[in-house]
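It should be emphasised that the depicted structure is a prediction, and the values quoted were computed from it without experimental measurement. Convention: sequence-line order gives letters A, B, ...; per-chain numbering from 1.
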Amino acid sequence: MQLAPLPTSLPYLRPLKTQYMERSEQELVRRENLRRIREMGIEPFPAATFPVTHLATDILEQAEFDDENKATNFGEVTLAGRVMAVRVMGKAAFAGLQDSSGRIQIYVSRDDIAPGEDKALYNDLFKKYLDLGDFIGIKGFVFRTRTGEVSVHVQEFTFLGKALRPLPVVKTDEDGNTYDAFSDPEARYRMRYVDLTVNPQYKEIFRKRSRLITAMRSFLDDLGLMEVETPILQPIHGGAAARPFATHHNTLDVPMYLRIANELYLKRLIVAGFDGVYEFAKMFRNEGMDRTHNPEFTAVEFYVAYKDYNWMMDTCEALLEHAVKSVGENGSTRVTVGDNEIDFKGPYRRLTMADAIMEYTGEDINGADEAELRAICQRLHIHVDKTMGRGKLIDEIFGEKVEGHLIQPTFITDYPVEMSPLTKKHRSKEGLVERFELMVNGKEIANAYSELNDPIDQRERFEEQLKLADRGDDESMPMDEDFLRALEYGMPPTAGIGIGIDRLVMLLTGQKSIQEVLFFPQMKPEA
RNA sequence: GAUUCCUUAGCUCAGUUGGUUAGAGCAUCUCACUUUUAAUGAGAGGGUCCUGGGUUCGAGCCCCAGAGGGAUCACCA
């Protein structure tokens with residue numbers, strides 16, 4: 001039995017290189033300021049709750065003023081956040097206070113915060129020992145400056161937390177031009193806490209992501225489905241065609257895999273007698289990384305008994321329309337992606353794969369055998385190799401010539417059986433299965449089928465997959481005897497779907513890279 | 001995995017044909033300033049030029065290898 005490596009050799013426990021490096025001048029200054037604050041008898045990391053009453057943005061949006069520029073609809077306000085800019089002019093100063101909602105200007109005058117003889121609170125603490133990035137709390141009143149900027153006149157201020165490292169200082173002028181932006185993607189992704197502090201505009205992507213998931217969840221709840229959790233650590237990695245992450249359970253001394261899909265477990269729950277289940281699930285696939293692939297990604301899957309893929313198309317439309325409304329501007333179902341405006345209002349166009357290929361290439365693949373498909377590929381100048389079977393050839397034609405044209409939400413239906421080992425055979429079309437994918441902006445957003453519930457057919461499909469594995473296909477599905485046993489106990493007809501959350505968020509927020517919609521995208525370890 | 005580009009101060013970036021002690025703005029430090037707003041004015045400090053080799057009298061710059069990142073392509077969702 002293999003021994004686990006020593007914990008200190010694990011990359012994530014290795015100290016960052018910067019800990020060994022000499023501290024920069026600015027870091028030394030901040031540590032000295034920290035010491036001075038303690039010397040004044042002030043705790044730079046206080047424990048007590050700070051009673052915030054207002055957010056910056058609420059004041060900026062709602063404040064109304066009298067003739068003396070004092071706010072009429074705000075009394076005493078208490079805010080907390082980071083100091084992001086300071087402009088000291090002798091005995092008075094302006095600063096930018098940034099909280100979770102945005103940034104508001106505060107006005108600090110020496111004799112207001114230090115009314116007695118001792119001016120240390122202003123001269124030392126505020127002017128000298130306060131650094132950009134420090135957390136403070138302020139109490140004061142809302143007013144408008146000579147130049148018209150809504151500000152808070154500070155009467156009391158409280159130190160709430162020291163920043164020992166300098167934040168990048170991003171400045172924006174009155175024309176909206178940004179200077180010294182913290183823009184290096186590597187630094188942004190590795191230090192998302194810095195990124196979202198100095199580039200708060202990116203927070204909106206994650207707020208939309210959160211709203212989208214909340215909306216989908218409430219839709220599925222309203223549909224009567226039950227949210228469930230299924231294993232992430234699995235003894236057999238089933239439910240999709242992908243290479244898994246392998247790990248090992250020490251006590252059981254067995255290999256385990258991080259799930260590449262949760263489909264087979266959700267179907268077991270349909271067997272168990274739940275009429276509808278859903279799961280927002282992290283999936284893990286040990287494959288390439290690029291701007292549309294992260295090793296872990298999120299999908300929502302749901303399975304509903306006594307339904308078929310036609311019902312699922314209707315439901316998918318309704319779900320997406322509802323979800324996009326919750327994220328879009330003013331409840332709109334439309335989003336602008338590059339030069340395209342995409343409308344998620346249903347119904348969406350429904351097109352069989354064969355009809356789609358006919359429409360965009362003029363080639364008829366209905367009833368075409370492998371040799372005829374190869375001839376079509378040659379006419380269309382599509383590169384193929386000998387290992388490709390019928391299903392793969394059709395998939396190539398679709399991927400090369402059709403997919404990219406499908407900008408508005410479009411259901412592509414009726415896939416070749418070879419590509420779909422978990423899907424029920426089509427009720428009337430030989431060689432096809434009852435499957436659809438939803439294409440939006442030229443990319444797949446959802447994948448759904450009438451679920452295969454015939455255990456004998458399912459076993460044959462697994463056996464076909466094993467043959468692929470023997471030929472060297474390392475993405476083929478392994479046999480799952482327990483899943484087959486479950487089906488043998490009987491599963492009702494069921495419709496199931498998986499919707500990729502990350503790509504949907506990318507679409508709805510106009511992001512070209514999946515890294516922009518993940519808080520902590522996977523990166524190589526820092527050197 | 002392939003191709004290609006990038007890596008210089010805390011941040012954003014210059015850096016000529018290979019040539020003295022590597023520069024700028026912001027940030028930092030000192031001083032002045034009670035309604036400023038990319039605050040301003042005066043002065044100062046701050047560098048593993050990604051790493052390791054090599055060529056050369058001399059390398060941030062040229063060559064080789066490596067690391068990390070971006071973009072494009074292939075596979076996957």
Side-chain angles (χ1 to χ4, degrees), chain A residues 17-18 20-30 32-33 69 84-96 103 105-112 122 127-128 131-133 143-149 151 153 163-190 194 198-199 240-243 260-261 283-299 301 383 395-396 399 437-438 443-447 473-475 498-504 506 512-515 521 523-527:
Chain A
K17 185 181 172 188
T18 47
Y20 292 130
M21 293 168 69
E22 277 185 39
R23 292 196 175 103
S24 69
E25 181 201 8
Q26 297 192 44
E27 288 174 277
L28 293 173
V29 166
R30 282 161 185 259
E32 177 62 14
N33 287 343
N69 279 326
M84 297 299 283
V86 178
R87 296 177 290 281
V88 175
M89 289 154 304
K91 299 179 186 67
F94 288 93
R103 193 185 290 200
Q105 175 167 276
I106 62 174
Y107 173 74
V108 179
S109 80
R110 186 191 67 181
D111 297 333
D112 283 334
Y122 180 79
K127 276 174 69 174
K128 290 184 187 162
D131 292 302
L132 294 186
F143 77 112
R144 195 161 54 184
T145 64
R146 262 181 223 161
T147 50
E149 178 154 350
S151 309
H153 188 124
L164 293 179
R165 291 174 185 257
L167 288 167
V169 178
V170 180
K171 293 194 170 188
T172 307
D173 68 17
E174 55 192 9
D175 298 326
N177 300 312
T178 299
Y179 300 84
D180 302 335
F182 180 66
S183 56
D184 176 39
E186 176 178 4
R188 287 186 47 229
Y189 303 148
R190 285 195 194 282
V194 173
V198 304
N199 299 319
R243 286 193 296 276
I260 57 173
M283 313 292 187
F284 304 84
R285 298 192 183 174
N286 206 343
E287 292 175 340
M289 291 164 61
D290 60 30
R291 71 177 203 288
T292 56
H293 297 85
N294 195 64
E296 57 183 290
F297 65 100
T298 304
E301 302 228 348
H383 179 76
D395 196 49
E396 282 292 312
E437 291 191 0
L438 177 64
K443 296 188 181 64
E444 179 197 336
I445 288 294
N447 182 19
D473 184 346
D474 54 3
E475 291 187 344
I499 302 174
I501 297 293
D502 308 285
R503 292 190 177 172
L504 191 54
M506 286 167 67
K512 293 194 178 77
S513 162
I514 196 170
Q515 294 166 311
M523 307 280 281
K524 286 194 194 178
E526 277 182 84

Mind checking if [X] touches a base, just sugar-phosphate, or nothing, with heavy atoms under 4.0 Å?
X      : result
A:E149 : base
A:R291 : sugar-phosphate
A:E296 : nothing
A:V88  : base
A:S183 : sugar-phosphate
A:N447 : nothing
A:N199 : nothing
A:D184 : sugar-phosphate
A:A242 : nothing

Original post:
Between A:G90 and A:K524, which is nearer to the 5' end of RNA chain B once each is assigned its nearest nucleotide?
Top reply: A:G90
Is the distance from OP1 or OP2 of [N] to the nearest side-chain N or O of [X] less than 4.0 Å?
X      : N      : result
A:R87  : B:rU36 : no
A:K171 : B:rA27 : yes
A:R165 : B:rG10 : no
A:R144 : B:rU35 : no

What's the gap between [N] and [M] when it is taken at their [atom1] atoms, as a whole Å value?
N      : M      : atom1 : result
B:rU35 : B:rU40 : C1'   : 14 Å
B:rG19 : B:rG45 : C1'   : 27 Å
B:rG52 : B:rA14 : C1'   : 27 Å
B:rA9  : B:rC49 : P     : 9 Å
B:rG46 : B:rU3  : C1'   : 40 Å
B:rG66 : B:rG23 : P     : 34 Å

Subject >> A:Y122: ring-ring contact (aromatic ring centres under 6.0 Å, His included) partners, not counting sequence neighbours >> reply: A:F126
According to side-chain contact (heavy atoms from CB on, under 4.5 Å), who are the partners of [X], at least two apart in sequence or on a separate chain?
X      : result
A:V170 : A:T178, A:F182, A:V198, A:N199
A:R87  : A:A85, A:F94, A:Q105
A:P295 : A:F245, A:M289, A:Q522
A:T292 : A:D290, A:R503, A:M506

State whether the distance check finds a donor on one side and an acceptor on the other, under 3.5 Å, for side chain [X] versus base [N].
X      : N      : value
A:T145 : B:rU36 : yes
A:Y107 : B:rU36 : no
A:D290 : B:rC73 : no

Original post:
In which stems does RNA chain B show up, taking only runs of three or more Watson-Crick or G-U wobble pairs whose two distances fall under 3.5 Å?
Top reply: B:1-7 with B:67-73, B:10-13 with B:23-26, B:28-32 with B:40-44, B:50-54 with B:62-66
With [X], which residues qualify under side-chain hydrogen bond (donor to acceptor under 3.5 Å, both in side chains), at least two apart?
X      : value
A:S183 : none
A:E25  : none
A:D395 : none

Subject >> Side-chain H-bond candidate by donor/acceptor type, A:D131 with A:N33, under 3.5 Å >> reply: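 On atom types as modelled, these side chains qualify, holding a pair under 3.5 Å.
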Check the interface with nucleotides 28-30 of chain B: list each N/O to N/O pair with the protein under 3.5 Å, or write none.
none

**OP:** For A:K91, check salt bridge (charged side-chain N to carboxylate O under 4.0 Å, His left out) against everything at least two apart and list the hits.
**Re:**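 Not a single residue meets the salt bridge (charged side-chain N to carboxylate O under 4.0 Å, His left out) criterion with A:K91.
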Original post:
Where do A:L167 and A:G133 come nearest, in terms of heavy atoms and distance?
Top reply: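 The answer is CD1-CA, 3.7 Å.
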**OP:** For A:A446 and A:I499, work out which heavy atoms get closest and say how close.
**Re:**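 A:A446 and A:I499 have their closest heavy atoms at CB-CG1, 3.8 Å.
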**OP:** Please confirm whether the backbone N or O of A:E437 pairs with a side-chain atom of A:N447, one donor and one acceptor, at under 3.5 Å?
**Re:** no
Grab the N/O contacts between the protein and nucleotides 2-9 of chain B below 3.5 Å, and write none if there aren't any.
none

Subject >> A:F94 ring over B:rA39 six-membered base ring, under 5.5 Å and 30° >> reply: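 Stack criterion not met.
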**OP:** Please indicate yes or no: is the ring centre of A:Y179 less than 5.5 Å from the centre of the six-membered base ring of B:rG25, with the two planes inclined by under 30 degrees?
**Re:** no
